[in-house]
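A short write-up of the structure that comes next.
Basis for what follows: all heavy atoms, side chains included, without hydrogens, waters or symmetry-related copies.
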Amino acid sequence: HIDARFIHFCTMNGMPHFLSISTYGFLVAIAFMVWVACRKEGIALAPSILLSCVFLTAPPILLAGSYVRPGHAHASFWATALTMWLVYGKPQKLWQRIIVTYLISLVMVWSDRQGLFFSAMVVATILFLFRERIVEAACVFAAAITHTIYYLAIGPALVFTVSGVK
């Protein structure tokens, strides 16, 4: 909706385009998270800024702003946020780990189908590198299963009930 309003505004003011402002917003947020991770890992200020700039100036990123698939950047943002949470988040209680990991994962898989691929990669990474975070792997897996059940069963039934279309 934000992208459509932005395109409409620009077109009405004589600058028609099909660029997605939300995609660029998510990509800038990802670059910021890269910068934060670099700083947490002890990389100096200038190289950490340069690494974020390398991300932003990569051709796939520069050309990703079309209005056609803004969900990819959305899912990528949440995958990056989930990774930052798993690596740098230090919750004191188990229920905090479960709720936050599940909710971030759920938003990630619902933002775009690419989020399901990201969830599989996060679960595999946790199982191979962070075995002490097995609860988080279960939460990510549960979010992916929740989305899949909705996508295959609940969603189509809901659409049919409301609109009569399969």
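- To the nearest 0.5 Å, the span separating OH on Y24 from CG on L19 amounts to 5.0 Å.
- To the nearest 0.5 Å, the span separating CD1 on I61 from OG on S76 amounts to 7.5 Å.
- Residues that satisfy the side chain to side chain contact (heavy atoms under 4.5 Å, CB included) test with Y88, not counting sequence neighbours, are A37, K40, E41, M84.
- The other residues sharing a hydrophobic cluster with Y151 are L152, where clustering joins ILVMFWY side chains under 4.5 Å apart.
- In this structure, a donor-acceptor pair under 3.5 Å is present between the side chains of S48 and W35.
- Rounding to the nearest 0.5 Å places CG of D3 at 3.0 Å from OG of S20.
- Classified by interplanar angle (parallel below 30°, tilted 30° to 60°, perpendicular above 60°), the ring pair W110/H147 is perpendicular.
- Between the side chain of R39 and the main chain of I43, a donor-acceptor pair closer than 3.5 Å is present.
- For H17, the NE2 atom counts as densely surrounded, since its 6.0 Å shell holds more than 12 non-hydrogen atoms of other residues, nucleotides or ligands.
- V159 belongs to no multi-residue hydrophobic cluster, having no ILVMFWY side-chain contact under 4.5 Å with any other such residue.
- Put simply, NZ on K93 and CD1 on I99 are 12.0 Å apart, with the number rounded to the nearest 0.5 Å.
- Remark: the H74 side chain and the D112 side chain contain no N/O donor-acceptor pair separated by less than 3.5 Å.
- The line from OG1 of T80 to CD1 of I104 is 11.0 Å long, rounded to the nearest 0.5 Å.
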